[in-house]
2 protein chains.
Amino acid sequence: MEQGHARALKEAGMKATPKRLAILEALYAESGYASPEELWKRLRDRFDRLGLPTVYRNLEELAASGVITKVIHPNRQLYYFFCPNREHHHHFVCLSCRKVEDLPACGLSALEQEVSRSIGGKVLSHILQLNGLCGVCAAAAGGTP
Amino acid sequence: MEQGHARALKEAGMKATPKRLAILEALYAESGYASPEELWKRLRDRFDRLGLPTVYRNLEELAASGVITKVIHPNRQLYYFFCPNREHHHHFVCLSCRKVEDLPACGLSALEQEVSRSIGGKVLSHILQLNGLCGVCAAAAGGTP
DNA sequence: ATCCTAAAACGAAATCATTTCTATTTAGGA
DNA sequence: TCCTAAATAGAAATGATTTCGTTTTAGGAT
């Protein structure tokens with residue numbers, strides 16, 4: 001993995017610094033999405049010094065480069081997720097256990113084109129995310145009176 | 001309009017207080033989305049006293065009741081939009097001039113069902129928003145070297 | 001291997017949008 | 001007209017996120 005992550009950084013045109021790699025690997029090790037502070041708490045013991053701003057900065061840069069994904073959360077805080085899928089796609093996010101799953105093919109390019117044409121403007125990006133409860137969490141919620 | 005907005009509030013189970021009505025009408029008068037502070041600045045002269053927290057609180061309540069719509073913005077601040085369309089639908093948002101336009105029918109219920117089934121969980125909500133430049137802003141951007 | 005430079009990291013401090021809290025006021029049904 | 005739950009004030013707190021000036025470092029060039 002180390003190798004692959006270093007390569008991913010290089011491909012994104014980013015220096016493979018130890019901390020940046022560690023942040024990326026920590027996110028990779030998460031089963032769901034994670035917040036900057038959570039990752040920082042998990043990593044700070046492994047370095048003599050690691051600032052929370054460094055974690056924020058790196059996560060933002062990694063997301064901007066497309067190496068990781070930002071989660072849109074109802075509480076409006078920042079969360080990130082490592083998704084190995086390099087295709088353009090979207091996610092299902094479990095708001096209970098933080099699991100993130102890929103959605104099948106994003107069929108929005110047709111919509112984008114149609115909207116661009118009908119509006120006479122330019123669609124630059126789109127946001128699509130399903131929120132809910134994954135199988136495990138739905139079962140737990142349903143089984144709890 | 002006054003009448004209609006008061007009715008909309010009643011239907012939403014909310015008291016039609018003067019300030020709440022004024023906030024709703026101010027948002028209605030906006031051509032695009034607006035922030036709590038912008039609306040507050042526009043309204044505070046009309047009342048001897050009007051607190052910014054009151055604007056925040058009302059906008060949030062109105063959005064929760066479905067009377068107004070929240071905009072998802074890259075800068076992660078709160079913006080709201082008055083959309084008279086009561087059908088379930090989504091929006092195209094111009095990031096330059098703040099214009100908001102309705103998208104044609106949201107075709108996500110099929111996707112929700114499929115995802116619910118394949119994941120074995122429950123899709124509770126979805127986010128879909130197109131961001132871009134409206135016709136006017138795209139032309140202006142294109143014409144500016 | 002050593003240098004050099006732009007990039008990255010530091011962390012304390014600032015920021016500032018948003019929320020909380022308690023007391024006071026008010027809408028609107030009884 | 002009363003009554004009560006809902007709404008408002010507004011000062012203060014909050015706390016996630018960013019800024020800033022300085023120091024360190026990765027990694028291509030020599």
Side-chain angles (χ1 to χ4, degrees), chain A residues 2-3 5-26 33-65 67-68 70-80, chain B residues 2-3 5-26 33-65 67-68 70-80:
Chain A
E2 176 95 27
Q3 218 32 254
H5 290 156
R7 188 181 308 117
L9 291 180
K10 171 156 286 189
E11 284 168 5
M14 305 174 77
K15 285 189 182 178
T17 68
K19 288 168 184 176
R20 179 170 288 161
L21 261 174
I23 291 167
L24 185 53
E25 273 155 26
Y33 60 80
S35 73
E37 186 166 11
E38 288 160 356
L39 294 170
W40 173 65
K41 284 180 177 164
R42 206 148 297 164
L43 288 170
R44 59 181 165 179
D45 295 333
R46 281 199 242 155
F47 296 91
D48 47 341
R49 341 192 88 225
L50 174 64
L52 184 52
T54 294
V55 178
Y56 270 90
R57 191 181 338 102
N58 273 288
L59 289 171
E60 190 51 40
E61 291 162 348
L62 289 167
S65 305
V67 179
I68 64 177
K70 239 187 243 208
V71 170
I72 297 171
H73 200 278
N75 73 8
R76 303 186 331 105
Q77 289 181 207
L78 288 170
Y79 294 100
Y80 297 89
Chain B
E2 176 97 25
Q3 215 34 251
H5 290 157
R7 187 182 309 117
L9 291 180
K10 172 157 285 190
E11 284 169 5
M14 305 174 78
K15 285 189 183 178
T17 68
K19 288 169 184 176
R20 180 170 290 159
L21 261 175
I23 291 168
L24 185 53
E25 273 155 25
Y33 59 80
S35 72
E37 187 166 10
E38 288 160 356
L39 294 170
W40 174 66
K41 284 180 176 165
R42 206 147 297 164
L43 288 169
R44 59 181 165 181
D45 295 334
R46 281 199 241 155
F47 295 91
D48 47 341
R49 342 192 86 220
L50 173 64
L52 184 51
T54 294
V55 179
Y56 270 91
R57 190 180 340 102
N58 274 287
L59 288 171
E60 189 52 38
E61 291 162 347
L62 289 167
S65 305
V67 179
I68 63 177
K70 238 186 241 206
V71 170
I72 296 170
H73 200 277
N75 74 7
R76 303 189 329 108
Q77 289 181 205
L78 288 170
Y79 294 101
Y80 297 90

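All values derive from a computational prediction rather than experimental measurement.
Atom OH in A:Tyr80 sits roughly 12 Å away from atom C1' in D:dA16 (whole-Å rounding). We find that CZ of B:Arg76 is positioned 16 Å from P of D:dG15, with the value rounded to whole Å. Here C:dT26 presents its C1' atom at 10 Å from NZ of B:Lys19, a figure rounded to the nearest Å. We find that CG of A:Leu24 is positioned 12 Å from P of C:dA9, with the value rounded to whole Å. In this structure, the CG atom of A:Asn75 is 10 Å from the C1' atom of D:dA16, given to the nearest Å. If you take CD of B:Glu61 and C1' of D:dA7, they are 8 Å apart, rounded to a whole angstrom.
Taking 4.0 angstrom as the limit, A:Arg57 places none of its side-chain polar atoms (N or O) nearer than this to OP1 or OP2 of D:dT18. Dashed line: the shortest gap from a side-chain N or O of B:Asn58 to OP1 or OP2 of D:dA7 is not under 4.0 Å. Residue B:Arg20 has a polar side-chain atom (N or O) positioned under 4.0 Å from OP1 or OP2 of D:dA7. At the phosphate of C:dT19, neither OP1 nor OP2 sits under 4.0 Å from any side-chain N or O atom of B:Tyr56. Under 4.0 angstrom from either OP1 or OP2 of C:dG11 there lies at least one side-chain N or O belonging to A:Arg49. Taking 4.0 angstrom as the limit, A:Thr17 places a side-chain polar atom (N or O) nearer than this to OP1 or OP2 of C:dA9.
If you take CG on A:Leu52 and NZ on A:Lys41, they are separated by 9.5 Å, rounding to the nearest 0.5 Å.
The side chain of A:Pro53 approaches D:dT19 more closely than any other nucleotide in the set D:dA16, D:dT19, C:dT18. Residue B:Lys15 has its side chain nearest to C:dA27 when only C:dA8, D:dT8, C:dA27 are considered.
Ring geometry for A:Tyr33 versus A:His73: interplanar angle over 60°, hence perpendicular rather than tilted (30 to 60°).
Mapping B:Ser35 and B:Lys10 onto DNA chain C via the closest heavy atom, the residue that lands nearer the 5' end is B:Ser35.
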